[in-house]
Amino acid sequence: MTFAQGQHLVISQVYGGGGNNGATYTNDFIEIYNPTGSAVNVSGWSVQYASAAGAVFQMTNLTGTIQPGRYYLVQQAQDASRGNFIGRI
């Protein structure tokens with residue numbers, strides 16, 4: 001994949017304990033930040049992750065555009081089921 005100059009995103013936060021016994025939240029979350037001065041279209045992109053043991057692999061397809069200086073929140077699963085796009089913050 002080739003990016004235009006200055007077009008990149010940052011995974012700013014990850015909460016991976018969702019749904020665990022005693023966890024504050026019931027789902028895992030991934031927050032993506034656009035630190036650039038340009039909007040970034042994430043249609044066709046995905047967030048992918050596996051368990052610590054690598055036995056369970058999850059992928060959530062992303063859609064839409066993240067505006068400059070804005071965040072994009074992805075709600076992942078409580079367990080091995082598929083995650084869901086939440087929206088822009």
Engineer: Looking only at non-hydrogen atoms, find the nearest pair between Val42 and Ile66 and report the distance.
Structural biologist: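 Heavy atoms only, the tightest pair is CG1-CD1, 3.9 Å.
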
Engineer: Any side-chain to backbone donor/acceptor pair from Thr63 onto Ser43? Under 3.5 Å, distance only.
Structural biologist: no

Engineer: In terms of hydrophobic clusters joined by side-chain contacts under 4.5 Å, are Phe29 and Val10 together?
Structural biologist: no

Engineer: Could you go through Tyr72 and Leu9, starting from their C-alpha distance and side-chain angles, then the distance that decides it, and tell me whether this counts as side chain to side chain contact (heavy atoms under 4.5 Å, CB included)?
Structural biologist: CA-CA 10 Å; Tyr72 185 98; Leu9 300 174; over 6 Å; no

Engineer: If you take all heavy atoms of Arg70 and Tyr33, which pair is closest and at what distance?
Structural biologist: O-CD1, 3.5 Å

Engineer: Tell me, with the steps shown, if Val47 and Ile32 meet side chain to side chain contact (heavy atoms under 4.5 Å, CB included).
Structural biologist: CA-CA 10 Å; Val47 172; Ile32 302 169; 4.0 Å; yes

Engineer: Has the side chain of Asn27 got a donor or acceptor atom that lies under 3.5 Å from a matching backbone atom of Gln75?
Structural biologist: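 Checking the backbone N and O of Gln75 against the side chain of Asn27, no donor-acceptor pair under 3.5 Å is found.
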
Engineer: Can you tell me which residue among Leu62, Asn61, Val74 is in a side-chain contact (heavy atoms from CB on, under 4.5 Å) with Ser46?
Structural biologist: Asn61

Engineer: Could you check whether any side-chain N or O of Thr36 sits under 3.5 Å from a backbone N or O of His8, counting only pairs where one atom can act as donor and the other as acceptor?
Structural biologist: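 Absent.
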
Engineer: Assigning hydrophobic clusters by single linkage (Ile, Leu, Val, Met, Phe, Trp, Tyr; side-chain heavy-atom cutoff under 4.5 Å), is Ile11 placed with Trp45?
Structural biologist: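 As far as the 4.5 Å side-chain criterion goes, Trp45 and Ile11 are connected within one cluster.
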
